[in-house]
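Before any comments, here is the structure.
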Protein chains: 2
Amino acid sequence: MTMTIDHALGRKLERFARLSEEDHRALRRLREAPLREVEPRADLIAEGDEPAVVRLSESGWACRYKHLPNGRRQIVGLFVPGDFCDLNVYILRHLDHSIGAISKVRYYALPPHMIEELVHDRPRIGKALLWNELVQASIQREWLLTLGQRNARERLANLFVEMFHRVRSIGLAGDGKFEFPLTQTDLADTTGMTPVHTNRTIQELRQEGLIDMDRRHLGICDLAALSRLAMFNAGYLHLDREGETLDAAN
Amino acid sequence: MTMTIDHALGRKLERFARLSEEDHRALRRLREAPLREVEPRADLIAEGDEPAVVRLSESGWACRYKHLPNGRRQIVGLFVPGDFCDLNVYILRHLDHSIGAISKVRYYALPPHMIEELVHDRPRIGKALLWNELVQASIQREWLLTLGQRNARERLANLFVEMFHRVRSIGLAGDGKFEFPLTQTDLADTTGMTPVHTNRTIQELRQEGLIDMDRRHLGICDLAALSRLAMFNAGYLHLDREGETLDAAN
DNA sequence: CGCGCCGTTGATCCCGGTCAAGTTGCGTGG
DNA sequence: CCACGCAACTTGACCGGGATCAACGGCGCG
């Protein structure tokens, strides 16, 4: 079951500001941009490239990652449908990281002027986009906390709970079970651990009845316990409808 | 030796866009905002507070940090003079982290409308500020790479080289020696290690003739070797004058 | 002059890394 | 329909970087 991207995106942005019918129309117009498709494991854009377009994910999962010269890889961000991969980075001359597809990804390649016009014509959307970027930055800070201070079980637990909330917020995980296409190696590169230890830790969580995970699905069996283990603090996702005040009627 | 903040800030922003005399005048006017002072170890703002002003650091070092319920602390960002602590976060309802002073910090408390007017009146400054935020985000990504994939020596080496470049870019470290007020405990909270291991690792780097560090100064003795050890890749700081094109004359 | 923070040192432990082999499952082609 | 191949997952044995626990020394400050 797929959903149109302006739907997922609109749904996300509405967490910050209630959008008018006109706003939603403007978002739907983003679908006029070319739709591109990349296979799993392929790059959307690689480090050093000059970013020319803004990528808006339509379906599939992708990740932002960086390499060290010794070959080690760190995933520094995950994208689900409705996420902008690089809303602003076209400002920078060269990209300092790469973006790769995890599952098959389809995305809209928006020319920067399209964003600039959208922000100009629909200031409430512009503000919501800024808010969205701030949430992304907040997630990055939480990931720093995770890598610096959480142990193996806490790292995985926190990632699972976060992604559950993020996927649910776009309406794709109502029942606690959702598509989760990361391999254990991807998980290892995300949590800064080895694949072997990632595997063993996942098995622990499984045996304790906290999660139910197969090759491409993740089930959260005991959200409360998992959140407690992770020391999950929902605040950083800013899930509460912060922008009740910023109403379309105003 | 202190320097006026608009000087440090202007210098930084000019890495992206050449500013006109009018632009510089507008930056200088930021100094009309109230100047506040906080003692070392005190907070500028704490998690959960409602951010009401934009803080522009004038002198001293500060850090952004997060706590886990078990008491562990992670520093997720460092601020030197001329840095905005939270250019945009007043958009968010509640702060998801705290900002604390490391040395004595003086900062301008800018009302949000002052920034909004500045960005509106001087679009080139607005664009330079956006660029500056993107560089901050890039630094966060590199820190994720550090915490996930670098070992103890590499972590410290990378931090030292990064801060050297950042301090030099505001004109405070011409000779490779500069003020560095972090305690070893602060360093431990930044690198995700224990104070004990931080201490031992610093001693290694000292004995190898890479650094020269006393209670509040850091000297980079062998920048090339330290950069190599850290696998430092200057790209993420976007130090090259990226915005030659965005000239004030245009 | 004494208290507290910071840096230093030593002894010991353990979480997670490393190395090395399987095993399972799925897509591909004969 | 089966054989093959590859990628992902699993398991076991061992190792080691960094954590932990516990003192102690130095220096800045009241």
Side-chain angles (χ1 to χ4, degrees), chain A residues 39-42 61 63 68 70-75 100-104 146-159 179-207 211-218 229, chain B residues 39-42 61 63 68 70-75 100-104 146-159 179-207 211-218 229:
Chain A
E39 292 302 309
R41 312 283 113 198
W61 287 48
C63 67
L68 240 27
N70 63 16
R72 285 168 170 266
R73 181 174 89 129
Q74 178 66 37
I75 291 178
I102 291 175
S103 53
K104 178 187 277 207
T146 293
L147 289 183
Q149 306 298 338
R150 281 191 246 249
N151 66 23
R153 320 176 80 236
E154 295 158 1
R155 290 182 195 201
L156 284 171
N158 200 72
L159 181 64
E179 204 188 321
F180 191 82
L182 299 227
T183 66
Q184 292 187 0
T185 303
D186 293 330
L187 279 170
D189 288 345
T190 305
T191 54
M193 318 190 303
T194 55
V196 173
H197 198 59
T198 302
N199 177 286
R200 291 199 236 260
T201 307
I202 288 173
Q203 288 179 56
E204 277 183 38
L205 298 180
R206 245 198 300 248
Q207 279 160 24
I211 60 167
D212 167 26
M213 196 175 165
D214 67 30
R215 208 175 267 273
R216 54 177 59 83
H217 293 274
L218 173 60
L229 166 59
Chain B
E39 293 302 308
R41 310 284 115 197
W61 286 49
C63 66
L68 240 27
N70 63 15
R72 286 167 170 266
R73 182 174 87 129
Q74 178 66 36
I75 291 177
I102 290 173
S103 53
K104 176 187 279 206
T146 293
L147 288 183
Q149 307 297 340
R150 282 190 246 250
N151 66 24
R153 318 174 81 236
E154 294 158 1
R155 289 181 196 202
L156 284 171
N158 199 73
L159 181 64
E179 204 187 323
F180 192 83
L182 299 228
T183 65
Q184 292 188 358
T185 302
D186 293 330
L187 279 170
D189 289 344
T190 305
T191 54
M193 318 190 302
T194 54
V196 172
H197 196 60
T198 303
N199 177 285
R200 292 197 238 260
T201 308
I202 288 173
Q203 287 179 57
E204 278 182 39
L205 298 180
R206 247 197 301 249
Q207 279 160 24
I211 60 166
D212 168 26
M213 197 175 164
D214 67 32
R215 209 173 267 274
R216 56 177 56 82
H217 294 273
L218 173 61
L229 167 59

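None of the values given here were measured: they were computed from a predicted structure. Throughout, protein chains are lettered first and strands after them, A, B, ... in sequence-line order, and every chain is numbered starting at 1.
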Note to self: Tell me if a side-chain donor or acceptor on B:Glu39 pairs with a main-chain N or O of B:Lys104 at a distance below 3.5 Å.
What the structure shows: no
Notebook entry, point to check: Can you name the closest pair of heavy atoms from B:Thr191 and B:Arg155 and give their distance?
Noted result: O-NH1, 2.6 Å
Note to self: Nearest whole Å is fine: how far is D:dG28 C1' from B:Asp214 CG?
What the structure shows: 14 Å
Next item on the list: List the protein contact pattern of nucleotides 5-16 of chain C with one symbol per nucleotide (5' to 3'): B for base contact, S for sugar-phosphate-only contact, - for none; contact means a heavy-atom distance under 4.0 Å.
Entry: -SSBBBB----B
Margin query: Looking at every heavy atom in both A:Ala188 and A:Pro195, which two are closest together, and how far apart are they?
Written below: CB-N, 3.6 Å
Check: When you check the gap from the basic side-chain N to the acidic O, do B:Arg206 and B:Asp214 get nearer than 4.0 Å?
Finding: no
Checklist line | Rounded distance in Å - CD (A:Gln207) to P (D:dT10) | finding: 11 Å
Margin query: Here's a test for you: under side-chain contact (heavy atoms from CB on, under 4.5 Å), which of B:Asn158, B:Leu229, B:Ile202 qualifies with B:Arg153?
Written below: B:Leu229
Check: Once you round it to whole Å, what is the distance between P of D:dC9 and CG of A:Leu156?
Finding: 13 Å
Note to self: What is the separation between atom CG on B:Asp189 and atom C1' on D:dG18, rounded to the nearest whole Å?
What the structure shows: 16 Å
Next item on the list: Indicate the atoms forming the closest heavy-atom contact of B:Glu179 with B:Trp61, along with that distance.
Entry: O-CZ2, 3.3 Å
